[in-house]
Amino acid sequence: MKTGITLVGLIDCLRKYTCKCFGIIFFLLSPQPRLNKARLRFSSASPSSPPSNLTFYTRFRQHLGLQQLSLLFTRWVLKVTTLSEQILHLRSLANTRYPGLFHLLQENTQDSIKDGEIKQHFGRKIAIDASMSIYSFLIAVRSEGQQLTSETGETTSHLMGLFYRTLRMVDNGIKPLYVFDGRPPTLKSGELAKRSARKAEATAAHAEAKEVGTAEEVEKFSRRTVRVTKEINDECKRLLTCMGIPYVEAPCEAEAQCAALAKAGKVYAAASDDMDTLCFETPILLKKLMLSEMKKEPVQEIYLDRAMQELGFTRDQFIDLCILLGCDYCDTIPKVGPTTALKLIREHKSIENVLSHLGPKYAVPKKWPYQDARELFKNPLITDPDECEFKWEAPDIDKLVAFLVGEKGFNEDRVRAGAVKLSKNLKGNTQARVNDFFKPVPKTAEELAGLKRKSEEKAAERKKKVKAEKAEKGKGKKGKR
DNA sequence: ACTCTGTTTCGAGACGTC
DNA sequence: TGAAACAGAGT
DNA sequence: GACGTCC
């Protein structure tokens, strides 16, 4: 036995994770196991063609440096191979997200995307996907790799993140409305299966790292095993209630509910980094809302109507475009990327027409539920926005302190200071709207500037590429576009 | 030349102090 | 999980 | 802006 996972270690692992051996196999077969790269050598299995049982067996035997494996172990290997095929299958189903929609809008429209500052949204109500935020808090709010905890050892990272982020928003005059996830649609099951496989992988890798890996590795994998549990969600809801910040529960996807609220005019916009939200017809999408102040990055404001208008698309066409680009619900057609997708929809107007005019070069996935995906975008399961009651109220300071300080061990002064901010900004609530006077003004000046910025950026982007390659040579005259 | 695809790597919160 | 930057392949 | 702390 030279290096690598020991047989004992592996079996031990298996024992711990009987049902999760998915993870281990996945990990072992992964083309580039990140952990123990040097020690796991039999990793050349390509994702497209799972190794045969024999190949796997042989590799494994060689790896362990054994003449032959016991019968029991052989059986295990067989089982493993079967599982691995399933996993690889799952992986091949991996649907890509929208790597392109944002860029596509950037490059093909003039002013559907506007950069701004957080201050511009003073006084506005904004819907936020709570689960997304909470998830990122659980991953990011850490100290020395460990989540923050109360004295009793309960995680408090999510409360920490939610509390201060909400404070910051309120401080900027934003009235946040949090939207919690319900049950995911069944069409998403493929995606979810993929995720759970990944979780299993991470869990196994995490366990393995704890045994033989470095602290960094352990930390890395611990982040990947993060899950937003019901308890965590409930605590967050409780916190929001104490803070006087409203929330609603979506029957299904929070993104869809956010969009519906925005569409109905209940809130000004949906804030999300996920372009999916646009497909649910939010008139305005705010991207990178919270990054701006600290990192000096602008808040990106995306207008759906302008995007569609400039692309010359109807809503149906826009959705079809998004489906071609790739969404959570179904795969993409191989060889159809952003450029081709745009061209196809422009030419044929709908996926149906695209399909009937599609050359034989393109292999449409056999099971391609684009109609279902479309349906989900057009008629998502949501609660009628008119039935959503939400109000921003004064914080219940006593309860807030009891909860955060009493139960979770937060610093009392900080919590009280936060509560003061909440109360103070609530007063602006009734007055609000002072900034409405400002809005029309920037429209001329800023949009002009925005437009210039846009075209400059685009020009710069293209020139960068073109110039970098061609201007150097001095060969010069290729005014692209 | 253009497009699509695959690989790799990194970061992901918010606050205050210095 | 994903986004960005890069290299590679197919057309 | 680079760091340490929050719990």
Side-chain angles (χ1 to χ4, degrees), chain A residues 30-34 37 46-48 91-92 94-104 131-169 171-172 191-192 194-195 197-199 201-202 216 219-220 223-228 272-276 287-296 324-326 328 332-344 359 361-362 403-415 417-418 421 462 464-466 469-470 478 480:
Chain A
S30 128
Q32 302 88 23
R34 303 188 172 194
K37 223 182 240 180
S46 95
S48 51
R91 185 195 247 195
S92 72
N95 17 20
T96 49
R97 282 200 143 273
Y98 292 172
L101 184 53
F102 185 70
H103 290 291
L104 194 141
S131 307
M132 273 300 179
S133 317
I134 295 170
Y135 182 77
S136 75
F137 293 143
L138 288 177
I139 290 178
V141 183
R142 281 158 186 261
S143 182
E144 293 170 19
Q146 297 298 307
Q147 286 168 327
L148 304 182
T149 60
S150 67
E151 287 173 7
T152 54
E154 296 164 280
T155 300
T156 53
S157 292
H158 52 296
L159 299 174
M160 190 60 145
L162 190 63
F163 183 63
Y164 285 111
R165 174 174 288 187
T166 307
L167 271 185
R168 221 175 89 203
M169 280 193 278
D171 217 26
N172 279 290
E191 167 75 10
L192 292 177
K194 196 188 90 195
R195 274 188 210 168
R198 293 196 155 208
K199 284 292 178 204
E201 175 197 9
E216 282 172 11
E219 183 185 329
K220 210 174 196 173
R223 284 173 200 247
R224 292 190 202 176
T225 58
V226 161
R227 227 166 291 206
V228 182
S272 170
D273 284 345
D274 189 343
M275 295 296 281
D276 257 355
K287 245 187 133 196
K288 303 188 177 171
L289 180 61
M290 282 303 126
L291 249 63
S292 62
E293 213 175 2
M294 300 211 54
K295 299 202 173 176
K296 274 184 172 177
L324 283 182
L325 288 176
D328 266 359
T332 55
I333 303 175
K335 314 233 169 189
V336 175
T339 315
T340 320
L342 184 59
K343 200 169 66 189
L344 285 174
K361 300 163 195 180
Y362 299 104
F403 182 30
L404 289 185
V405 180
E407 291 181 39
K408 303 297 176 184
F410 277 53
N411 178 293
E412 180 159 358
D413 293 339
R414 287 185 177 217
V415 173
K421 277 188 186 176
R462 280 175 193 146
K464 259 182 205 171
K465 285 179 186 173
V466 178
E469 289 166 17
K470 301 194 174 173
K478 290 220 172 176
K480 247 241 129 173

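Letters A, B, ... are given to chains in the order of the sequence lines, protein chains preceding strands, and every chain is numbered from 1.
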At under 4.0 Å between heavy atoms, what does [X] touch on the DNA or RNA strands: base, sugar-phosphate, or nothing?
| X | value |
| --- | --- |
| Asn411(A) | sugar-phosphate |
| Gly409(A) | sugar-phosphate |
| Thr149(A) | base |

Which whole-number value in Å describes the distance from [X] [atom1] to [N] [atom2]?
| X | N | atom1 | atom2 | value |
| --- | --- | --- | --- | --- |
| Met290(A) | dG13(B) | CE | P | 11 Å |
| Tyr362(A) | dG10(C) | OH | P | 15 Å |
| Glu154(A) | dC6(D) | CD | P | 19 Å |
| Glu144(A) | dC7(D) | CD | C1' | 12 Å |
| Arg227(A) | dT1(C) | CZ | P | 10 Å |
| Phe410(A) | dC6(D) | CZ | P | 12 Å |
| Lys287(A) | dA3(C) | NZ | P | 6 Å |
| Leu291(A) | dG2(C) | CG | P | 16 Å |

Strictly distance-based, threshold 3.5 Å: is any side-chain N or O of Ser272(A) a donor or acceptor partner for the main-chain N or O of Asp274(A)? yes
For nucleotides [N] and [M], find the distance between their [atom1] atoms and express it as a whole number of Å.
| N | M | atom1 | value |
| --- | --- | --- | --- |
| dC7(D) | dT17(B) | P | 15 Å |
| dA3(C) | dA14(B) | C1' | 22 Å |
| dA2(D) | dA12(B) | P | 13 Å |
| dC3(D) | dG11(B) | P | 13 Å |

Report the residue (Arg142(A) or Gly337(A)) whose heavy-atom-nearest nucleotide on DNA chain B is the more 5′ of the two. Gly337(A)
Between Ile139(A) and Lys421(A), which is nearer to the 5' end of DNA chain B once each is assigned its nearest nucleotide? Ile139(A)
Select one nucleotide: of dT5(B), dA12(B), dT1(C), the one nearest the side-chain heavy atoms of Arg224(A). dT1(C)
Between dT1(C), dC7(D), dG13(B), spot the one nearest the side chain of Val141(A), thanks. dG13(B)
Using side-chain heavy atoms (C-beta onward) and a distance below 4.5 Å, is Lys361(A) in contact with Lys335(A)? no
Stepwise side-chain contact (heavy atoms from CB on, under 4.5 Å) check, Val141(A) with Gln147(A): CA-CA 6 Å; Val141(A) 183; Gln147(A) 286 168 327; over 6 Å; no
Counting just side-chain N and O atoms, does [X] come under 4.0 Å of either OP1 or OP2 of [N]?
| X | N | value |
| --- | --- | --- |
| Thr339(A) | dC4(B) | yes |
| His103(A) | dA3(C) | no |
| Arg168(A) | dC15(B) | yes |

Could you give me the CA-CA distance, side-chain angles and deciding distance for Thr152(A) and Ser150(A), then say whether side chain to side chain donor-acceptor pair (under 3.5 Å) is met? CA-CA 5 Å; Thr152(A) 54; Ser150(A) 67; 3.0 Å; yes
So how far is it from Phe163(A) CZ to Arg414(A) CZ, rounded to the nearest 0.5 Å? 10.0 Å
So among Phe137(A), Tyr164(A), Phe403(A), which one has a side-chain contact (heavy atoms from CB on, under 4.5 Å) with Leu159(A)? Phe403(A)
